[in-house]
Every structure is written in structure tokens, then in C-alpha cells.
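Report on the following structure.
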Amino acid sequence: MKKIVLLIAFLSTNILLMATEIKSPNGALVLNVMVKDRVPIYWLNYKSRPVIKQSRLGLQLKNDTALTEGFVISNNTITRFDETWQPVWGEVKSIRNNYNELAVTLTQAATQRSIIVRFRLFNDGLGFRYEFPLQEKLNYFIIKEETTQFALAGDHKAFWLPGDFDTEEYSTVTSKLSEVRGRIKAAVTPNSSQTTFSETGVQTPLMLKSDDGLYINIHEAALLNYACLSLNLDDKNFILESFLTPDAIGDKGYLQTPCLSPWRTIVVSDKATDILESKLILNLNEPTKFTDVSWIKPVKYVGVWWEMITGRSTWAYNNLSTVQIDKLDYSKTPPNGKHGANTAHVKEYIDFAAQHGFDAVLVEGWNIGWEDWFGKWKDNVFDFVTPYPDFDVKEIHRYAASKGIKMIMHHETSGAVPNYERRIDTAYRFMVNNGYNAVKSGYVGDILPRGEHHYGQWMVNHFNYAITKAAKYKIMVNAHEAVHPTGLSRTYPNLISNEAARGTEYEAFGGNNPDHTTILPFTRLMGGPMDYTPGIFETRISKINLTNTSFVHSTLARQLGLYVTMYSPLQMAGDLPENYNRFLDAFQFIKDVAIDWDDTKVLEAEPGDYITIARKAKGTNNWFIGNTSDENGHQSTIKLRFLDTRKKYKAIIYADAKDVHYETSPQAYTIKKMVVTNKTELSLKAAPGGGFAVSIIEVSAKKNSKIVIKQQFKYINVK
Ligand code: NOJ
Ligand code: CA
């Protein structure tokens, strides 16, 4: 009898201690969750291999008992979900959102508080978040730190950026996790005012590869009213732990129940291509609440921009160094002779855009204040409505409209966010009245007034405020220096792109590593599209501005490939019209390439080495292929099996010429035309720092019999 009682007691304790297990819809991923010693933990396996070992969950609160221990599981709810939805714009026409969900209610008896951890297990990975229901004992609270762990199974290869609360504009470091500590100081841009938050702190999305070939990506989804996630590494045990961006006084978030954390995401596969095809982060965001989305349209644009970045012209109108906006009368100050945004010059860009079928023209430096844009008066330097005397807003509006070109507004806030918020309605109304339906915003410099970080809860709320406010005016937003994207474009599709990484502009500030664009899709782009501004044909910056010795770390052919590999519904042709006019045959690809897609096939990929992607243009049977390769180049064999078996296509192949190298001879390319079918196999070689681009255009059935592709021709342009 005694034995039986003991056995029952033993069994019931074990039942309480047992983990709850759920599987992904295809069974490849297995998640376990339990409370062990009253601490909530989870672990994740992929095809029986550990992805995340037993890891703790929880949060520390300021002036309150931590939500990290003392828990029992008071409820487990398991559900399934399967739907297919259509994005307003995207890499594919429709997206399947299919997961098994486990919602675990954790109750802390001593404080009478409960939280829910909701796990969603997809075929491509795991998402989970904290939910804080409205309750008497948990009402307002301040987060001291979130303590979510990701315990890794080994010393993985990592593609990382140093932890920083204000910029992602770094070159990615590729190293073992155990090497982060030794390399982090050198990774921070020399002379930068930025500091890392610890000796082992890294940003997300963090891309990892295990020795046995598992690809793991850790990031977050639906970052709303919460501080941005970074990760602190315990490099003895390879445990990553969440580290939230603090506010100006060190707090990490002010919340009021009912409320939610963003989703913590782990995308995993044994194929690198699956990581790039994952839609997990979008799926974890809410469907759009916009009822009318007809005004949201992908945009291909040129702009008065690269000439300022390279130093040939200026944003500022004159040579003054400080300007107090209310005091200065610009009509009485002489121009410096290098002001880019003048009416006549902008009209040249409008002509060029119209001639080559672009949608829009961006103009930076059109409004007064740039003389002191991050100086003494920056808290009030821009009003976003007053043009320089040589920029005629009405005439530009009339001229652009007459040519069917949209203008893209530029709002550089220089981080003076209260100034921007105070003026935002007037600024957006001014845009509507003058025919602008898209804005590129910028947040260069320290955030005013009290030194918030770019990625703290306060700025996360500002970025989102600007997007939702813009939607009221039917304005699309492309925010630069913004917090890392987390798939919010599903909910707010007018968030048409972001910078939030080291873009092409750095090619004029010393250069990007040749493998940079083979990494970004695995890191930054996991959260959403990037305004990378590719298409630089004149790779020697000194050809534009004698005093600038930088060069683009890419071949010309690769600049074309980037229009396919760097997904964005907002794509710029970044170079000067005069450079495109020198290479009009190569420019043809930028004119032809689509910016919105029905389908995407990631043909081959290895982070840090190469990426080749094929995409099917929206509403057509045309395909575009792009490749970007690192300093070693890459040999690709591409089977066009994705083409329709019944159709014939004309392919134009833009590739690096023989002996091309990104450092010594980046501009030589070949263009080859041929007829292809779904049986065709293409053998294409990317040079060191090179790439290629292919357009595959359906030949309509009628013309089919008549297609004559003139003798394959080869054009080599050598400097
Ligand atoms: C930095 C942005 O990334 C760049 O595109 C812009 O031209 C400058 N800020 C000025 O706003
Ligand atoms: Ca490499």
C-alpha cells in the first residue's frame, strides 16, 4: 500500500515536470516547453538535431518581483492554423501561414500574476512571444531586462554586427561565436561615436551556421511599442540572451496590460536557400488593417542623391556653417554653385526618368536648413515645407506630372524627432498638395531632445507613428537610419522599404566588403526590404569627384544582379544619368527588371559566398535572375526548370567579361541573347566580387514562329 502511494506521488510529480511537446506541420521541428525548478524553459530540435538547447524564458521588472521564476504551468492550449494570404506587394503572390501553436499560461503563485508564452511552430522555424493579460497584480510595469535565452548547440559560425543601439551601418563580421569577444572592438567603425553594449553583444538578425550544416537565423517579428532586441553572448556555453535597447535613463520599456512583446524568431533549415525563402517573420505579423491599398505601388526611381554622396554637389544651398532657420533670409545669401536640387537640374532627372520608364524621382537637399543639419540649431533646422530659392516646387510638380513622373519627398530629420512630429501633418499635407506620394525619411545623428537611442521603445513608437500617420495621407514611407525591420510591412504595406543597414552609399565612404551583398539577405533583409540603392556603373568614385578615392567593391554586372538578389518593392537606379548614358545596353536590364513578383526561387545560396535567385515578374510569364558573389567569384549551373514547359522565351544574359575583377577591371561585361526553354541549362560565371543578371521574356505564341535571335552578340566594354 505504502509503495502504491509512493508510486502515485512519484508519477504525479513527474507529470507536472513533464514537458509539453509540439511538432511543426511537417514534423521536422519539435518544440518542448516545461517548468523546471519553477523556471520556464523551452528547447527546439530539427530532424532530431538540437537547434536550441534548454533555454530560460522570462523578464526582470524594475521595482517589482521578476517574471523569471516561481512559476507553475496553469494551462496549455494547443491549436493548429493554416491559411493562405496575398501580400499587397512581395516576393511571391501568395503566402501560406501554417503552424501548430502552444499557448502556455505561467502562473506565479506568490505574486498572483500570470503571463502567457505563445509558441508558433512552422515548417521553417519557431516564433514565440510574451503576452501580459490585464490583471489586478500586473497593471503598469517597467522592464529592466528581458531574459530570453537561445542556448546554441555549439560554437557556430556567425555573421554578426556589434551590438549598438543607434546604427546597423556596419560591415558584417564572419567568425566563430568564440571569436566575437576578440573581434568586437575592431568591428566598430574607427572614430565612430558608437559603443557596443558589451564585449559579446551582437545585433539581430543574427545568422548562424553549425559545423554540421544547420542554418539558424535569430531575429524578432512585429516590433511594436517595445525596445529593439539585441543578443548578449555567453561565449563559454554559447548561450545568447536577449538584451533590449535602453531608453535615455536606462529603462527598457514601459508597458501597460493588456500588452505583448514582439515575437522572438528562430528560422532553421539544413538548406541555406530555405532561410531566404522563409516567410515566418511576415506570417507572425498581423494582416493589414488598411481597407484601401490601391494607392500603395512599388516604385523604381532615380534621384538627385549620388552626386551629393560622392561629394560632387551639395545638399546645402550656400556656404554658411550655422543657420537658425527662423532668422536667415536665404534669398539674400549667395548660392555656393554646387547646390544639386535646383529646378533646371531636377528637370534633367525628370527627363531621364521619363525617357527610360522610371516611376519617380527623389530630390534631396530641396529644403532650407542643410547648412547646419546636424549642428548647433538642429532641433529646429528643418521645417519640411520651405524650399531653397532655386527649387521651384510648383514648377517641378507641373513638369513632373506632365511627364508622368512622381516626385519622392525627402525629410531628413537629423534626429530632431519632436521637431518632426510637431510639423508632420503640415509636411505630409504639403506633399499631397504638391504631388508627392512617397517620402524618404532620415534620422542621422543623436536623437533629440533627451538622447534616446534610435532603437529604444520611444523611437520604435515614433517610426510606427510616422508610418500610420503617413497612411492617413496615402503616403508611402522609406525610413533610413530606422530600427531593424521586423515584417511590419504586412500590417502597414505603405512601409515600402527601409535602409537600416550599410547601404551602397558606403561604397563612396571607403567601400563595402565584396561579400557584403551575399550576407545582407541572410541578416538585414530577413525583416523586410532594403533600399540598398544599387546600380552604380561608374565604380571609380574619383571619376565623379576627383578628391574621393573610394571605389565600388563590385563589378558592373553584379550591380545588375542586385536588383534581383536584394529584394525591395522600392528600387533605385543609384548612379548619375551621365554614367547610365555611357552603358545604355547594360542599363537596359535595370529598365526591364520587375519590382513586384508572383514567384521567387532561391536557386543556390551560401551566406558570405554567393546568392542566385530567380523571380517571376508580377502578372507576366517573365523571369529575372540575379547573382552576387564574394571575392572568390562563383560558377553557377542554372536549370531553367521553373519556366513554363509550353512556352518559349528570349533570354538576355548580362555577365562579367573574362578576367574581370572588382578591384582591377570591374566594368567589362558581356551581353548575350538566346532562346531558352525549361530544358535549357545556363552555365554562368561570376568574377571575383562579380555577379550576373538574366532577363527571360516570354515570346508570345503568335510571334513564336518568327523569333529570330540575331547571332549571339558580345559586347565588351573595357575602360
Ligand atoms: C543618410 C542616408 O542613408 C542617405 O541616403 C541620405 O542621403 C543622407 N542620410 C542625407 O539624408
Ligand atoms: Ca566568402
Side-chain angles (χ1 to χ4, degrees), residues 157-159 166-175 207 209 272 301-316 340-341 362-367 369-375 378 381-382 384 408-416 420 439-446 454 477-482 497-509 512-524 530-536 553-554 558 568 570-572 574-575 604-611 627-634 662 686 688-691:
K157 181 179 184 182
F159 300 84
D166 289 284
T167 184
E168 303 107 338
E169 296 182 10
Y170 287 109
S171 300
T172 307
V173 185
T174 305
S175 80
M207 187 66 215
K209 185 183 182 186
Y301 73 105
V302 291
V304 182
W305 174 74
W306 189 237
E307 54 187 86
M308 280 90 88
I309 294 290
T310 53
R312 175 189 278 189
S313 60
T314 62
W315 285 274
L362 163 77
V363 182
E364 296 196 8
W366 68 277
N367 58 325
W370 285 88
E371 288 73 10
D372 193 31
W373 68 298
F374 45 88
K378 82 165 206 174
V381 79
F382 293 120
F384 312 101
I408 301 179
M409 176 52 79
H410 187 229
H411 288 165
E412 176 55 64
T413 68
S414 35
Y420 191 38
V439 61
K440 170 178 172 179
S441 54
Y443 297 85
V444 172
D446 295 338
H454 281 73
V477 177
N478 163 26
H480 280 221
E481 293 83 42
S497 210
N498 272 125
E499 182 191 45
R502 193 177 169 99
T504 296
E505 62 184 2
Y506 278 84
E507 300 284 16
F509 312 153
N512 285 337
N513 292 336
D515 67 359
H516 190 54
T517 51
T518 69
I519 299 171
L520 282 177
F522 286 97
T523 53
R524 160 65 183 77
M530 178 172 179
D531 183 28
Y532 189 68
T533 68
I536 305 302
H553 291 51
S554 159
R558 181 223 264 188
S568 178
L570 177 91
Q571 284 282 18
M572 184 180 207
D575 210 341
E604 49 173 2
E606 181 61 29
D609 293 346
Y610 56 85
I611 296 175
N627 165 278
T628 176
S629 295
D630 72 356
E631 67 284 359
N632 302 314
H634 184 68
Y662 76 96

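Every number for a ligand or one of its atoms is a count from 1 in the order of the listing. The first residue of the sequence shown is numbered 1, and numbering continues consecutively from there.
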| query | Strictly under 6.0 Å, is that where the ring centroids of His411 and Tyr420 end up? | reply | yes
| query | For ligand 1, is there an N or O atom under 3.5 Å from any N or O atom of Trp315? | reply | no
| Looking only at protein heavy atoms, which one is nearest to atom 11 (O) of ligand 1, and how far off is it? | Glu412 OE1, 2.6 Å
| remark: Closest to atom 5 (O) of ligand 1 (heavy atoms only, candidates Lys440, Glu499, Met572) is Lys440
| Counting only N and O atoms by type, is there a donor-acceptor contact under 3.5 Å from the side chain of Thr172 to the main-chain atoms of Phe159? | no
| said: Give me the nearest non-hydrogen protein atom to atom 6 (C) of ligand 1 as residue plus atom name, then the distance to 0.1 Å. | reply: Glu364 OE1, 3.4 Å
| Between His634 and Asp609, do the side chains contain an N or O donor and an N or O acceptor separated by less than 3.5 Å? | no
| field | Total protein N, O or S atoms, the Ca ion (ligand 2), separation less than 3.0 Å | value | 3
| note | From the list Trp315, Phe384, Trp370, Trp305, ring pair (Phe, Tyr, Trp, His ring centres under 6.0 Å) with His410 holds only for Trp370
| message | Measuring from atom OG1 of Thr518 to atom CD of Glu631, what distance do you get when rounded to the nearest 0.5 angstrom? | response | 8.0 Å
| Trp370: numbered ligand 1 atoms lying under 4.0 Å from its heavy atoms | 10 (C), 11 (O)
| task | Could you tell me whether the side chains of Glu604 and Tyr610 share a donor-acceptor contact shorter than 3.5 Å? | result | no
| note | Restricting to heavy atoms, the pick from Arg502, Glu481, His410, Glu169 nearest atom 2 (C) of ligand 1 would be Glu481
| note | Closest heavy-atom pair, Ala500 versus Arg524, reported as atoms and distance to 0.1 Å, is O-CD, 3.0 Å
| Are Tyr443 and ligand 1 in contact, using a heavy-atom cut-off of under 4.0 Å? | no
| message | If you compare all heavy atoms of Gly535 against all heavy atoms of Asp575, which two are closest, and at what distance to 0.1 Å? | response | O-CB, 3.4 Å
| Is ligand 1 under 4.0 Å from a heavy atom in the side chain of Trp306, in the backbone, in both, or in neither? | neither
| task | Can you figure out which of Leu362, Asn478, Val444, Thr533 has its heavy atom closest to atom 9 (N) of ligand 1? | result | Val444
| field | Lys440 with Glu499: basic N within carboxylate O range, under 4.0 Å | value | no
| Just distances here: any N/O of Glu505 and N/O of ligand 1 closer than 3.5 Å? | yes
| said: Donor-acceptor pair, distance only, cut-off 3.5 Å: does the side chain of Thr533 make one with the backbone of Gly574? | reply: no
| message | Show the nearest heavy-atom pair for residues Gly340 and Glu307, with the distance to one decimal. | response | CA-OE2, 3.8 Å
